[in-house]
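Working notes, beginning with the structure itself.
What's counted below: heavy atoms across the whole structure, side chains too, no hydrogens, waters or symmetry copies. The chains referred to below are lettered A, B, ... by the order of the sequence lines, with proteins before strands, and numbering in each begins at 1.
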There are 2 protein chains.
Amino acid sequence: MSQAGDDIMTRKKRARVTLEQVANHAGVSRATASLVVRGSPHISKETREKVLNSMKELGYIYDRVAANLRSQRSSTVGLIITEIGNPFFSELLVGVHEALDKEGYTVILGTTFDSPSKQDALLSTMLEYRVGGVIMSPVPGCSVDMVERLKQWEIPVVLVAREMPSGEQFDYIGIDNVAGGRLVTEHLIQQGHRRIAFLGGFSGSSAWRDRKKGYCQAFHQAGLEIDESLIIEAPATRQGGINAIKQALQHPNPPTAAFGYNDIVAFGVMLGLKEAGMIPGRDFAVVGFDNIQESSMFNPPLTTVSAFPQLIGTYAADILHQRMNGDAGEAKRLILQPELVVRESSLLHSDHQF
Amino acid sequence: MSQAGDDIMTRKKRARVTLEQVANHAGVSRATASLVVRGSPHISKETREKVLNSMKELGYIYDRVAANLRSQRSSTVGLIITEIGNPFFSELLVGVHEALDKEGYTVILGTTFDSPSKQDALLSTMLEYRVGGVIMSPVPGCSVDMVERLKQWEIPVVLVAREMPSGEQFDYIGIDNVAGGRLVTEHLIQQGHRRIAFLGGFSGSSAWRDRKKGYCQAFHQAGLEIDESLIIEAPATRQGGINAIKQALQHPNPPTAAFGYNDIVAFGVMLGLKEAGMIPGRDFAVVGFDNIQESSMFNPPLTTVSAFPQLIGTYAADILHQRMNGDAGEAKRLILQPELVVRESSLLHSDHQF
DNA sequence: GTGAAAGCGCTAACAG
DNA sequence: CTGTTAGCGCTTTCAC
């Protein structure tokens, strides 16, 4: 449960200056010095300056660990994401970090790599470090048990980007994946496509299920039938996209367009097409999901749907901040509406620059 | 110096189970329970199990904050980078985080956005949180003073990617920017270019100065003269690249090729060229630096130099780990050799796929 | 092998 | 406004 593991620790040899030493040096009590450190207004100017001088002179360093222990508070928050490598999450991280930083919180980072046991371990660690709150993107198929433990200790939890089964009790910020899936698929149908593959990602994730739902809705609304064999699960990576499109192309009645679970998959799909001698955006339409920065820079530029990761992060941080300040209202749900961004990868009639 | 700021804190209402309660429940002393928690081998099997059962039953959570306070150790490390938005740093973060995680450390994250005062504040915060070590990429023009404070408290510091003036006392991991700059420039010269702009970045950063040095070396070795007016400083962003190339194109004797300070700048340069009606890779050669993931996906694919950010992160974490375990040897310098990656953006004679 | 007592550096509650 | 006293939850001697 704890495993101190002596080898991972560092012992400080030179003792720090303590508040007591500062107090002695300044000729006041520890309590007074403490008040000065914390900027209390009930301190006379002279005393304050005396103490501040002593602090400077002795090279005093405030010990937040001790202070937090005594006061039973915390100004750290945990951020748990699945993968920093994915730009969607690194942009989300930017939003969270920037907002929390502004409010004076310190961020402890954890990545699960989609492993439930890793996620549990991270949540434990965060509990052990007495974080004041947690922002997390749960791993697919994650059980509420562990996360409920946090709730039990009145540590607010804000979920981002992915929902959790029966996680209605938690605040959630995400985008409308159903609407996003529908937007993308409607666009492709409007471009004349009838056989549209849905590639990459796994059905374990709520985002996948919702995007697929939107995909299906668009088909139904257009009065078209869905060919389940064009829905191919694969890791949400570039390689996953490459493999998925290759499989799709071997279909006896192959698709003419593909909806990648996210932009990374879509990149893979385009690379796979090129390897197969096809030109994405001319011979085959591709769309993605997320609108990460590089999607506009790909060759050809990728049609996709904006998922506003940074904004999600900012909102999540704001809500967490409110919760940590005592807001005990009902669980909030903030669902951003995605926006279709049409680029060349899905416009087969267009001429490319190259 | 501390500014507790009541509003950023959260008070826990429900008290945690303490080790004392576990000890009582199990009918042993606090000290014994503590030994069990830490997996001491000097405990009888029965006692251990009794205690472990009580822990489970009561829902005990180890309090690392209290433990660290008492034992004067720390298993947290601080990671300070300039910007998470830049893929170079997010890949570096991946390397650091993965390696530290494996060793059981917890990472506190900070970003400076290249602001020296922000960097100082972050270092203070990390000190206040009693981090056991710090990995940082110093802001340009950063003074050693603040960082020396850490050294003074025997908190090991490992510098990554950027050096610090008179920072020889610190471990440093980075790439050979001089060699990288030379590689890139030699390549362009070999392609027949004589007027090569060096765009983006600021001379305040050691990486900039070194890359420029390499650029100059290549010119000298080829017996060519350098035109200082083709060296244009600008923010190391896409927009910076756009602006810099526009300025360069207005030169009475404009360049035929550009070396972007990093890949992001190079992307901007290519976008700027397109806006000016030129086609990068056909009318104008562009190379970057870093070889971030998206450089292979750009249109056209970008010639660049691999800077191995993730590897740098991994090495930095390893060295820090050694330091935190008492390795007090001389400051280490690990300089990775960059590798030229030739792609279409610099091969004017090649035919593109589009 | 286990227990008793002391104390890490700080803040809280109350006096004055 | 400032000082006194107690104690956060844990680890560390040092007994036995």
Value in whole Å for how far the P atom of C:dC10 lies from CG of A:Leu35: 13 Å
What is the nucleic acid contact for B:Val65, judged by heavy atoms within less than 4.0 Å: base, sugar-phosphate only, or nothing? nothing
To the nearest angstrom, how far is B:Asn24 atom CG from C:dG3 atom C1'? 13 Å
Who pairs with A:Ser90 by side-chain hydrogen bond (donor to acceptor under 3.5 Å, both in side chains), at least two apart in sequence or on another chain? none
What is the distance, rounded to the nearest whole Å, between atom CE of A:Met55 and atom P of C:dG9? 16 Å
Think B:Thr32 has a side-chain N or O under 4.0 angstrom from the OP1 or OP2 of C:dG3? yes
Note, A:Met136 side chain near A:Arg162 side chain (heavy atom, < 4.5 Å): no
Indicate yes or no: does B:Arg130 engage A:Asp63 in a salt bridge with an N to O separation below 4.0 Å. yes
With a 3.5 Å cut-off and sequence neighbours excluded, list the donor-acceptor pairs that the side chains of residues 76-84 of chain B form with protein atoms.
residue: B:Thr76; atom: OG1; partner: B:Ser74; partner atom: OG; Å: 3.1

Nearest 0.5 Å, what's the NE2-CD distance between B:His25 and B:Glu57? 4.0 Å
What stems, by residue range, does DNA chain C take part in, given at least 3 consecutive Watson-Crick or G-U pairs under 3.5 Å? C:1-11 with D:6-16, C:13-16 with D:1-4
So, A:Arg38 versus A:Ser34: side-chain donor-acceptor pair below 3.5 Å or not? yes
Give me the distances for all protein-to-nucleotides 8-10 of chain D N/O pairs that come in under 3.5 Å?
residue: D:dC8; atom: O2; partner: A:Arg70; partner atom: N; Å: 3.4
residue: D:dG9; atom: OP1; partner: A:Gln72; partner atom: NE2; Å: 3.3
residue: D:dC10; atom: OP1; partner: B:Tyr60; partner atom: OH; Å: 2.4
residue: D:dC10; atom: OP2; partner: B:Leu19; partner atom: N; Å: 2.4
residue: D:dC10; atom: N4; partner: B:Arg30; partner atom: NE; Å: 3.4
residue: D:dC10; atom: N4; partner: B:Arg30; partner atom: NH2; Å: 2.4

Hits for side-chain hydrogen bond (donor to acceptor under 3.5 Å, both in side chains) against B:Glu168, two or more places apart or cross-chain, chain-then-number order -> none
Contacts of type side-chain hydrogen bond (donor to acceptor under 3.5 Å, both in side chains), residue A:Thr106, not counting sequence neighbours: none
